[in-house]
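Since we're looking at a predicted model, the values are computed, not measured. We use all heavy atoms of the structure for the numbers below, so side chains are in, but hydrogens, waters and symmetry mates are not.
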Amino acid sequence: MNKTININLDGLAFKIEEEAYDRLNTYLDTIKKRLGNNGEAQEVIADIEARIAELFQFKCQGCTIKLADVEEIIHTIGEPAEIVDEEDADENSSQQSSAGSASSTTYVGKRSLYRDPDDRFLGGVCAGLAAYFDVDPLVFRIIAAVSAFASVGITVVVYIILWVAMPKASTLGQRIEMRGGITFKKMGDNIKEEYQAVSSKFKEYKNKPNYKRMQNRASKTGDAMANGLYQLLNIFGIILGVGIVIWSVLSIMGLVGFFAFKDTIFGLAVTDGNHFIASVPDRFLSYMDQTLLMAATLLVIGIPFIVILYLGLKLIFRFKSHGKFVGMTALILWLAGIVLVFFTGIRIAKSFEETGTVSEQHMLKPTSSETIYLRASEIESGAVDRDYLMDIDHLEMFTEDGELMIEGAPVVNISRGDKFQMVIDKKARGLNDDDAEFNASTTIYNWSQNDSIIYLDKKFVIAEEALVRHQKVVINIQIPYDKKLEVSPYLDRFIDEY
């Protein structure tokens with residue numbers, strides 16, 4: 001026969017077995033010691049007692065409270081070690097004695113990885129990770145969005161795995177573990193919300209016919225199953241962490257290696273002497289622009305990989321660190337990469353701002369022939385191995401014997417006058433006047449005269465040392481009034497009227 005004791009808890013009278021009373025009294029005393037003696041701590045303790053009293057009322061109306069009932073309720077609320085670690089409690093006590101009540105408004109307990117059901121878009125994974133690393137959930141949501149943009153399939157798989165591996169913070173103790181610290185006031189509010197929710201569940205569950213029978217069974221098997229599942233999830237988390245570390249390390253190495261050895265990689269990736277791929281950026285972007293874009297890409301893509309690597313290491317080793325500092329630093333660097341992308345884009349756009357023109361005037365040799373002939377050059381810049389790639393900005397890009405070439409079609413204007421001359425206007429854009437004139441002057445256009453025949457190239461070529469900046473070539477030919485003009489069919493498409 002077990003001895004029973006009458007107790008008063010939160011103004012309610014209960015009959016409880018002695019061993020159950022001892023367990024409950026020890027539990028409450030431990031919490032009191034760990035939370036301290038300030039006013040806010042006393043409010044939290046009062047909330048805990050109120051919650052326990054309400055749960056007793058629903059579980060044992062008119063019956064004697066047994067040890068199993070106390071253990072079940074303690075499991076719901078959480079053991080003292082789940083609320084405040086002993087070392088942290090000692091530290092808080094010393095801080096209270098030295099700093100007064102100002103330092104006793106918060107405490108720090110052990111931190112565990114859970115999904116946050118109260119702040120979620122899907123499963124609460126990003127919010128749970130943010131709580132674990134003590135950063136704003138926006139950090140992980142941005143990382144998830146960027147990773148999804150870079151590789152949708154991998155990001156979805158990783159998110160689903162984390163969703164399955166991370167348990168949901170459903171009880172008060174789990175929510176406290178998830179954050180590793182909470183203010184006394186917030187803790188009291190959570191306790192009130194928690195015992196109200198649990199009370200509602202007990203009301204519904206109590207009305208079911210099999211309540212008593214299932215209650216006994218759950219009390220025996222619930223803890224064992226929960227502990228086994230938690231251990232299994234911990235093991236799975238370590239395995240997942242190893243996979244994340246390997247994947248992120250390989251991704252970081254691949255990203256850095258690509259930029260460090262891109263010319264060699266392109267050389268190995270192509271065959272038949274097609275080395276033009278590595279030179280494509282050099283024809284459109286300056287060295288400075290390429291450097292800025294490379295740095296921006298490393299920050300925008302590399303920072304999420306580094307954060308993922310950090311998360312993987314945390315899953316494996318569970319080390320303590322300044323998660324908030326790491327998260328904010330990563331976010332600042334990532335945002336710096338975004339700003340650098342926009343800055344470089346504006347810089348590239350400004351490199352088309354100014355227009356420069358270089359004119360070449362040529363006096364043509366007089367001829368006794370009554371007719372002037374315009375013909376396409378007999379020797380053009382064609383080659384045996386010539387492969388078309390694309391058109392860009394009215395320019396044609398192709399490979400010639402494995403080398404990248406960029407050509408454009410000239411515009412020919414014919415006029416009548418007293419002189420027999422030709423003026424070639426080469427136009428281009430640039431960052432400033434000097435840059436624009438340089439891009440224009442380096443444009444290559446060939447022509448020749450043989451008595452009454454003028455040979456014109458059908459294409460102009462952008463030199464390798466110039467950037468592609470909307471280059472144009474306009475040819476103005478003045479024919480004497482007393483001369484006739486005959487244009488080759490290969491050139492008439494370049495002339496509007498003649």
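By the 4.5 Å heavy-atom criterion applied to side chains, Ile52 and Tyr27 are counted as neighbours. Within the 4.5 Å cutoff, side-chain heavy atoms of Thr64 are placed close to those of Glu17. By the 4.5 Å heavy-atom criterion applied to side chains, Glu354 and Leu431 are not counted as neighbours. Counting only heavy atoms from C-beta outward, the side chains of Ile462 and Arg283 approach each other to under 4.5 Å. When side chains are defined from C-beta on, Val125 does not count as touching Phe140, because their heavy atoms never get closer than 4.5 Å. Side-chain contact between Leu340 and Phe343: present, with at least one pair of heavy atoms (C-beta onward) separated by less than 4.5 Å. No side-chain heavy atom of Thr4 sits less than 4.5 Å from a side-chain heavy atom of Ile65.
Remark: the backbone N or O of Leu285 is paired with a side-chain donor or acceptor of Gln290 at under 3.5 angstrom. Although no hydrogens or angles enter the test, the distance criterion places no donor-acceptor pair under 3.5 Å between the side chain of Arg429 and the main chain of Val468. Panel note: side chain Arg347, backbone Met288; no donor-acceptor pair is recorded below 3.5 Å. A donor-acceptor contact shorter than 3.5 Å links the side chain of Asp69 to the backbone of Lys66.
The two residues Ala127 and Pro137 make their nearest non-hydrogen contact at CA-CB, 4.2 Å. Between Gly430 and Asp435, the closest heavy-atom pair is CA-OD2, 3.3 Å. When all heavy atoms are compared, the tightest approach of Leu313 to Val245 is N-CG2, 3.7 Å. Between Gly337 and Ala296, the shortest heavy-atom contact is O-CB, 3.7 Å.
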- request: Decide side chain to side chain contact (heavy atoms under 4.5 Å, CB included) for Leu293 and Asp289; before the verdict, give the C-alpha distance in whole Å, the side-chain angles of both, and the deciding distance to 0.1 Å.
  value: CA-CA 6 Å; Leu293 278 180; Asp289 292 335; 5.5 Å; no

Derivation of the side chain to side chain contact (heavy atoms under 4.5 Å, CB included) call for Ile392 and Met397: CA-CA 7 Å; Ile392 180 170; Met397 185 183 301; 4.2 Å; yes

- prompt: Stepwise, does the side chain to side chain contact (heavy atoms under 4.5 Å, CB included) test hold for Tyr114 with Tyr132?
  reply: CA-CA 8 Å; Tyr114 290 96; Tyr132 186 79; over 6 Å; no

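Taken to the nearest 0.5 Å, the CD atom of Glu407 stands 3.5 Å off from the CZ atom of Phe398. To the nearest 0.5 angstrom, Glu18 atom CD is 12.0 Å from Leu67 atom CG. Rounded to the nearest 0.5 Å, atoms NZ (Lys15) and CD1 (Ile5) are 12.0 Å apart. One finds the CD atom of Glu19 at 13.0 Å from the NZ atom of Lys3 (value rounded to the nearest 0.5 Å). The structure places CH2 of Trp334 at 14.5 Å from CD1 of Ile306, a figure rounded to the nearest 0.5 Å. Considering CZ of Arg469 and CG of Leu395, their distance stands at 11.5 Å, rounded to 0.5 Å.
Heavy-atom contacts from other residues, nucleotides or ligands closer than 6.0 Å to CZ of Phe14 number more than 12.
Checked against Val70 for a side-chain contact (heavy atoms from CB on, under 4.5 Å), the options Asn25, Asp22, Ile16 give a single hit: Ile16.
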